[in-house]
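Presented below is the structure to which this report refers.
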Protein chains: 4
Amino acid sequence: MSSGTRHPDPTRRSERSRQAVLRAARELIAEVGYAKLSIEGIAARAGVGKQTIYRWWRSKGAVVLDAILALSQGADGIALPDTGDIEADLKAVMRATVAEFADPAFEAPIRALNMEIAIDPELAAQYREKLAGPVDEAKKERLRAAQRAGQLAADADLDLALELLYAPVYQRWLLRTAPLTPEYADALVDHLLKALRP
Amino acid sequence: MSSGTRHPDPTRRSERSRQAVLRAARELIAEVGYAKLSIEGIAARAGVGKQTIYRWWRSKGAVVLDAILALSQGADGIALPDTGDIEADLKAVMRATVAEFADPAFEAPIRALNMEIAIDPELAAQYREKLAGPVDEAKKERLRAAQRAGQLAADADLDLALELLYAPVYQRWLLRTAPLTPEYADALVDHLLKALRP
Amino acid sequence: MSSGTRHPDPTRRSERSRQAVLRAARELIAEVGYAKLSIEGIAARAGVGKQTIYRWWRSKGAVVLDAILALSQGADGIALPDTGDIEADLKAVMRATVAEFADPAFEAPIRALNMEIAIDPELAAQYREKLAGPVDEAKKERLRAAQRAGQLAADADLDLALELLYAPVYQRWLLRTAPLTPEYADALVDHLLKALRP
Amino acid sequence: MSSGTRHPDPTRRSERSRQAVLRAARELIAEVGYAKLSIEGIAARAGVGKQTIYRWWRSKGAVVLDAILALSQGADGIALPDTGDIEADLKAVMRATVAEFADPAFEAPIRALNMEIAIDPELAAQYREKLAGPVDEAKKERLRAAQRAGQLAADADLDLALELLYAPVYQRWLLRTAPLTPEYADALVDHLLKALRP
DNA sequence: CCATAAACGAGACGGTACGTCTCGTCTTGTT
DNA sequence: AACAAGACGAGACGTACCGTCTCGTTTATGG
């Protein structure tokens, strides 16, 4: 589950320490912000030697990724709602997404993670594999169902479709260029469907 | 032109030092990368006292922003090509954009700037005002022309239109989720126009 | 006065910091012992950045040497008593020496210094030049006076004479092989004079 | 033979490990010097678990002492030469001593051992009992023979005599105050005999 | 045409954190 | 039960930068 790749011997690893580190990382991001997050601080808060962190994680970013992964663990078998109405379903999903992005509790750690991912390609790969990938697959599955139902063009590029939905939200959030509102979520869905209708 | 707001007396400022700092910042980002960029290093490379940097810039990010602004100075009166064919014009522009993002020389400093902007809202505001704003305005002007020509719906949300075009490119580039190709540029334009046709 | 040799610019040095470091070093040697003396600890106690210590001193030993040098500063124009009776004078001096070695307050820092000197030849050279040298010279001067008075052989090797007096005391103290008593001091003088009488 | 005192059950001890530790200690002192000698390093070099060292030795110093003891094992029944001429015999012995101290191969480990002994009284006691004691006894035996032969005063303090001979050599070596030459060895003997003649 | 006040280069300062190393203890199989 | 291996909490190491603070030294008017 951890992001490092230098595990000397995973079986010898102290689960107690691992949990303490991830919890401390989460707490500190929320309390002092990502800019002031330090490995030294995480170790102290977790009651753990610094070496224990360096032993199992490649970087501060790897710790942050694991800390967030640990939260969304149970969410494996995710599936998007499917009422048969692709427009209604997508709007519901996008409104939820927009709301999540607007949540201040969501802000700090996810912004931190995105900084790390933008800098460290290897970390980005792990992020995609562990978190983004499964979620994207679920979303594409819903779109595929809509294709089968004749609500979307059969030859639509679903990866691009996802980007048309999510990239604008992501950009607004990351760069704070404009507020994220439910109306905005609806507008994105409307435009997507207009572009992708058969 | 500089981003700080505490200029004790702009007239007394040494232009020679300012240029040396911006040049040093650009060189160091290219050479050692953003993560290892330090004010100490910039000052040393520029042959400038650290205080001179702290006097005129609020933060490392402000220096980076200025360093990049200084490059794109002449580009004030930017205007997009207007052949009358909105599809051809947009595809040309997007292909150029995609090519620019793929340029390795572009990478390091812009990525650095984006990190700072994502963290520092005040810097983001300056970035929008000085760089992104004028460029976006030029883009919207072209879209407005297309509206007047009846090639786009009269009630189209042009801000959203820009996001549908650029946010996917931005996301692919920042998170390295997928390659940026000319075909991708074309596809984005195609989808936009399908969604925005009258 | 300090032992390091990399003084970047002695005129810029903070005398307040220098004093605080030496005082902290002395206090900590007395309190926690030499084995547990750390540069980190000295810096913290002195309210000084670690870099300030590394900037001006080559090693922990150099700090300790300076700390002790600073104590015995005024003792420049040292001269041994000269009553005309070399035996009585030497016995007085050696009894004082023996008493000094037996003083627990003397123990910790001097033992620490001797460890460093035994390991670091460069430090040893500075120790000899700054501390041991002048003292030895004073002792030899007294012996020379005795030679002129016909109480010692004219061709006596005074360096060796000093060693015959002090090396046994030093060895007993350093290795704790036997107690240092006034009688022992007298015995050393008796033997020296028997060996060196004309 | 080992210096620790917590042997849980000496019979269960692995002789192979013990030898490996002592050999590794000797090699590392010679290779990296005493200052950089670590238990971690000894264990790694010896192919031994750290616990094995902690189980059988009280401290790093105890390992070093054992490592050196192991070398001078056979030298139990030592006796100094006795040609009947005390001056010649002592000069031969002292010249040999001086030569031994000047040997670079002798340097590192013995200096290391002396550091430990100067710091740790308990270790010093063991050193005296196991190494210095027997040797000193042999030296005193030779001096006693000289007393019986009327070459030394019958009431001479033989412990002090040994110190007059060896302490100056020890001091010169430890503090590197002056070179150790054969002439110096002779001079020490000459002075001793002048002081101790009947 | 100076004087004078600022900005300047240099870099020392008190600090924080880095990533590494070693300590001495503890845990997990192996022999 | 001792062993090799090595993870663990702890904490010092020496380095890199932070942002602030003197230091003289330009430099650029404005009296």
Side-chain angles (χ1 to χ4, degrees), chain A residues 7-14 16-18 20 36-44 46-56 58-60, chain B residues 7-18 20 36-44 46-56 58-60, chain C residues 7-14 16-18 20 36-44 46-56 59-60, chain D residues 7-14 16-18 20 36-44 46-56 58-60:
Chain A
H7 300 185
D9 177 358
T11 67
R12 272 205 170 335
R13 181 165 191 179
S14 158
R16 144 188 284 275
S17 293
R18 193 180 147 270
K36 293 192 176 176
L37 180 67
S38 68
I39 290 191
E40 197 122 352
I42 296 173
V48 140
K50 284 201 289 176
Q51 201 58 42
T52 296
I53 298 184
Y54 285 108
R55 183 151 37 225
W56 300 106
R58 276 195 327 110
S59 65
K60 197 168 64 176
Chain B
H7 301 185
D9 176 359
T11 66
R12 268 189 156 331
R13 181 166 191 180
S14 158
E15 183 60 17
R16 146 190 283 275
S17 291
R18 194 181 147 270
K36 293 191 176 175
L37 180 67
S38 68
I39 289 192
E40 199 120 352
I42 295 173
V48 140
K50 285 200 290 175
Q51 201 56 244
T52 297
I53 297 184
Y54 285 108
R55 185 153 34 226
W56 300 107
R58 274 195 328 109
S59 67
K60 196 169 64 175
Chain C
H7 302 184
D9 178 356
T11 68
R12 272 204 172 338
R13 181 166 190 179
S14 159
R16 146 189 284 277
S17 293
R18 195 180 145 269
K36 294 193 175 176
L37 180 67
S38 68
I39 288 191
E40 197 123 352
I42 295 173
V48 140
K50 283 201 288 177
Q51 202 58 42
T52 296
I53 298 183
Y54 285 108
R55 183 149 41 223
W56 301 105
S59 65
K60 198 169 63 176
Chain D
H7 303 183
D9 177 358
T11 65
R12 270 195 156 313
R13 179 164 193 180
S14 158
R16 143 190 283 276
S17 293
R18 195 181 145 269
K36 294 192 175 176
L37 180 67
S38 69
I39 289 192
E40 200 120 351
I42 295 172
V48 140
K50 285 201 291 176
Q51 202 55 244
T52 298
I53 298 184
Y54 285 107
R55 187 155 31 228
W56 300 105
R58 275 198 323 114
S59 66
K60 197 169 64 176

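In what follows, chains carry the letters A, B, and so on, assigned in the order in which the sequence lines appear, proteins first and then strands, with residues in each chain numbered from 1. We use all heavy atoms of the structure for the numbers below, so side chains are in, but hydrogens, waters and symmetry mates are not.
- One distance of note links CH2 of D:W56 with CZ of D:R13; it measures 5.5 Å at 0.5 Å rounding.
- The CZ atom of C:R13 sits 19 Å away from the C1' atom of E:dA10 (whole-angstrom rounding).
- Distance C:R18 CZ to E:dC13 P: 12 Å, rounded to the nearest Å.
- Distances shorter than 4.0 Å separate some side-chain N or O of C:R55 from OP1 or OP2 on E:dC13.
- Candidate nucleotides E:dA12, E:dG9, F:dC8 were compared by shortest atom distance to the side chain of B:S17, and E:dG9 ranks first.
- Each of A:G49 and D:T52 lies near DNA chain F, and the nucleotide nearest D:T52 is the one positioned closer to the 5' end.
- Rounding to whole angstrom units, CH2 of residue C:W56 and P of E:dG14 are separated by 11 Å.
- For D:I39, the side chain to side chain contact (heavy atoms under 4.5 Å, CB included) partners are D:I53, D:Y54, D:K60, not counting sequence neighbours.
- Minimum heavy-atom separation, B:A46 to B:A20: CB-O, 3.4 Å.
- With DNA chain F read from its 5' end, the first of the two nearest nucleotides for C:R12 and D:A46 is the one closest to D:A46.
- If you take CD1 on A:I42 and CD on A:E40, they are separated by 11.0 Å, rounding to the nearest 0.5 Å.
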Produce the list of close N/O pairs, under 3.5 Å, pairing protein atoms with atoms of nucleotides 16-19 of chain F; give distances to one decimal.
unit_1 : atom_1 : unit_2 : atom_2 : d
F:dC18 : OP1    : B:I39  : N      : 3.1
F:dC18 : OP2    : B:I39  : N      : 3.1
F:dC18 : OP2    : B:E40  : N      : 2.8
F:dG19 : OP2    : B:Y54  : OH     : 2.9
F:dG19 : N7     : B:K50  : NZ     : 3.2
F:dG19 : O6     : B:K50  : NZ     : 2.6

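- Going from atom CD1 of A:I53 over to atom C1' of F:dG11 covers 14 Å, rounded to whole Å.
- Summarising the geometry, the separation between CZ on A:R58 and C1' on E:dG19 is reported as 15 Å, rounded to the nearest angstrom.
- Between C:A43 and B:G47, the residue anchored closer to the 5' end of DNA chain E is B:G47, taking for each the nucleotide with the nearest heavy atom.
- Minimum heavy-atom separation, D:G41 to D:S38: N-OG, 2.9 Å.
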